[in-house]
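Chain naming here is simple, since letters A, B, ... match the order of the sequence lines and numbering starts at 1 in each.
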Amino acid sequence: MYQAPRGTADILPEDQRYWSYVASVTAAAAQTSGYSRIDTPLFEDTGLFTRTVGEETDIVSKEMYSFKDRGGQEVTLRPEGTAAVCRAYLEHGLHNQAQPVRLYYLASMFRYDRPQAGRYRQFHQFGAEAIGDAAAAVDLEMIQLAMSMLARLGLGGMTLVLNNIGDAADRPAYIEALREHFRPHLAHLGPDDRRRFESNPLRLLDSKELARETFVGDAPKSTDYLGAEAQAHWEELVGYLDALGVPYRLDHKLVRGLDYYTRTVFEVHPDEGGAQSAVCAGGRYDGLIEQLGGAPTPGIGFAAGIERIIANLRSQAVEVPDVRPSPAVIAYTGAAAKTAAVRLATELRDGGTAAIVAPERSLKAQMRYASSIGAPTVLILGEAELAKGVVTVRDMATAKQREVRRADVGTAVAGP
RNA sequence: GUGGGCGUGGUCGAGGGGUUAAGACGCCAGGUUGUGGCCCUGGAGAUCGAGGGUUCGAUUCCCUCCGCUCACCCCA
């Protein structure tokens, strides 16, 4: 027997309601903030990701679904959305439109990870990007979009975590300061953390092994190493958040895994959550467009994990409407009635009324079938009805039924 | 890639080295003459993840592999 590939999942009819709910609510939230939908290809040139996300990041170095197509092109199933949106922004000259350009997407992403709770190899993200405006007000807008989207979904207990990792120019001094700070403790570090010390000292800040160590809490803060402009930008953003009463938690240990982030970085976590719990994460990427060959252009965005959002909808028991159809069922007895049943079903569908013909069983079994699929009404066609030119219309909720002339069935079923 | 837990019919889930492997849900059919949801009865459906080993005999013990799952790395 075949199984779905590791880390992938089938979305069965009974679960579809969560997906359509999330799709419609997130789209409405995005549009309320002025964001337009964009869709980009499922795969891209591999170089798009290696150059933007970062060669040394785990995403690029070990998690990409890359392959060579029949023409010899190196392509990769997209592991994240921002790079592709920026590519499209440049490719279609969106920098010639009024800036900033506000875009959102809802799409599958692919990462070759070991699956665990809240993490899949094929997963889905809602993402929003605002490209072409460096103003702190846009940072605020992006954060508000993330938070309002979660609120619209009916999710509570979400905490915004915020930090500022400075501009690319600020980074070297900060990294050096971190190394200085951790160097005396090198002897106490495990192999993973020694590796971090060398490759990416920022990662030491969110190391789980070191989470209890006081010398991590005492580590230098990136916000103390901001250049003048980044500092002003940061103070403006925090000022907005405070003025508007947006609750947030400043976390100097929040660093993000992708190379392109600058200045503002943020995540949203449920207060109750397991290991892989962030539902939203994002930040500013002021160097990315330029890195892709465009003019220096600021940008900011975030992505939300749909599977994680749905997990929270379930755990918080948020009411989500069922989207499965509930067609009228046409029951019949006798061979002659079958043709009449098929004809009636056709007419109803042509008139826009959902209708199906019951499976060929006893009337009792047809009724049971109609009941179990949640049919609101059953239309019964038997010898008696055929002879009289009527259809028996049974309301399944009230168990009341009446005879309706054949010609009037369409309006009787469709009407309230 | 590393480590822990698990792997019995569609689903959940007992059991146990030896005649026909419980039960529940679901599915199908009946409970008289053309009618659902409750109830009752019956039925179909499992080579007990795969391969190998120990044994007179294994689904039950051992090994390997595969899969699921949780955690690490990392991340939505």
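Of the charged side-chain nitrogens involved, none lies within less than 4.0 Å of a carboxylate oxygen, so that Lys221(A) and Asp224(A) do not count as a salt-bridged pair. Look at Asp322(A) and Arg324(A) and you find a salt bridge, because one of the NZ, NE, NH1 or NH2 atoms lies within 4.0 Å of a carboxylate O, short of that distance. Ion pairing of Arg314(A) with Asp15(A) is present here, as a side-chain N (NZ or NE/NH1/NH2) and a carboxylate O approach within less than 4.0 Å.
Under a 3.5 Å cut-off, the side chain of Glu80(A) and the backbone N or O of Thr82(A) do form a donor-acceptor pair. A side-chain donor-acceptor contact under 3.5 Å links Arg179(A) to the backbone of Phe197(A).
Separating the CZ atom of Arg361(A) from the C1' atom of A29(B) is a distance of 10 Å, rounded to the nearest angstrom. If you measure from atom CD of Glu307(A) to atom P of A76(B), you get 13 Å, rounded to the nearest angstrom. Following rounding to the nearest Å, Leu254(A) (CG) and A76(B) (C1') show an atom-to-atom distance of 14 Å. Across the protein-nucleic acid pair, Ile306(A) atom CD1 and A76(B) atom P stand 13 Å apart, rounded to whole Å. Taking atom CZ of Arg256(A) as the reference point, atom C1' of C74(B) lies 11 Å away to the nearest angstrom. With rounding to whole Å, Tyr332(A) atom OH is found 16 Å from U35(B) atom P. Separating the CD atom of Gln122(A) from the P atom of A76(B) is a distance of 17 Å, rounded to the nearest angstrom. Atoms CE (Met158(A)) and C1' (A76(B)) sit 13 Å apart, rounded to a whole Å.
Side-chain atoms of Lys62(A) stay outside donor-acceptor range of the base of C74(B), with no qualifying N/O pair under 3.5 Å. The base of C72(B) has none of its N or O atoms less than 3.5 Å from a complementary donor or acceptor on the side chain of Arg114(A). Applying the 3.5 Å distance criterion, the base of U35(B) shares a donor-acceptor pair with the side chain of Gln401(A). Side-chain N/O atoms of Arg308(A) and base N/O atoms of C75(B) include a donor-acceptor pair closer than 3.5 Å.
Ranked by how close their nearest RNA chain B nucleotide is to the 5' end, Ser362(A) and Phe123(A) are led by Ser362(A).
Using modelled atom types and a 3.5 Å distance limit, the side chains of Ser33(A) and Glu141(A) yield no donor-acceptor pair. Of the N and O atoms on the side chains of Tyr225(A) and Asn164(A), not one donor lies less than 3.5 Å from an acceptor on the other residue. Side-chain atoms of Arg87(A) and Thr52(A) form no donor-acceptor pair, as typed in the model, at a separation below 3.5 Å. Side-chain N/O atoms of Thr392(A) and Glu385(A) include a donor and acceptor closer than 3.5 Å. Side-chain polar atoms of Thr159(A) and Asp271(A) form a donor-acceptor pair below 3.5 angstrom.
Phosphate proximity of A76(B) to Arg119(A): absent, as no side-chain N or O sits under 4.0 Å from OP1 or OP2. Side-chain N/O atoms of Gln116(A) include one lying less than 4.0 angstrom from OP1 or OP2 on C72(B). The side chain of Arg121(A) contributes no N or O atom lying less than 4.0 Å from OP1 or OP2 of C75(B).
Distance check on atom P: G4(B) versus A76(B) gives 28 Å, rounded to whole Å. A gap of 37 Å separates the C1' atoms of C73(B) and G10(B), to the nearest Å. Here, G15(B) and G23(B) have their P atoms 15 Å apart, quoted to the whole Å. Taking the P atoms as reference points, U41(B) lies 28 Å from U47(B), given to the whole Å. Nucleotides C28(B) and G36(B), compared at atom C1', are 16 Å apart to the nearest Å. The same atom, C1', is picked in G13(B) and in A71(B); the two are 26 Å apart, to the nearest Å. Between the C1' atoms of G3(B) and U60(B), the separation comes to 27 Å (whole Å). Rounded to whole Å, the separation between the P atoms of G30(B) and G37(B) comes to 13 Å.
Residue-level contact check: Val279(A) touches the backbone only, with heavy atoms under 4.0 Å from sugar-phosphate atoms and none from bases. Nucleic acid contact class of Glu385(A) (heavy atoms, under 4.0 Å, all strands): base. Within 4.0 Å (heavy atoms only), Gly127(A) reaches no atom of the nucleic acid at all. Within the nucleic acid shown, Ala370(A) has no heavy atom closer than 4.0 Å to any nucleic acid atom. Using a 4.0 Å heavy-atom cutoff across all strands shown, Glu63(A) reaches sugar-phosphate atoms only and no base atom.
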Exercise for the section: With pairs defined as Watson-Crick or G-U wobble and both distances under 3.5 angstrom, please note down RNA chain B as a dot-bracket string, | for pairing with another strand. Expected result: (((((((..(((.....[....))).(((((.......))))).....(((((..]....))))))))))))....
Between protein and nucleotides 36-43 of chain B, what N or O pairs are separated by less than 3.5 Å?
from, atom 1, to, atom 2, distance (Å)
G36(B), O2', Ser371(A), OG, 3.3
G36(B), N7, Arg394(A), NH2, 2.6
G36(B), O6, Arg394(A), NH2, 3.0
G36(B), O6, Met396(A), O, 3.4
G36(B), N1, Met396(A), O, 2.4
G36(B), N2, Met396(A), O, 3.1
G36(B), N3, Ser371(A), OG, 3.4

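In this structure, Trp19(A) and His124(A) have side chains that are in contact, with non-hydrogen atoms separated by less than 4.5 Å.
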Problem - Criterion side chain to side chain contact (heavy atoms under 4.5 Å, CB included) on Leu145(A) and Phe302(A), from CA distance to verdict - result: CA-CA 9 Å; Leu145(A) 173 55; Phe302(A) 78 93; 4.0 Å; yes
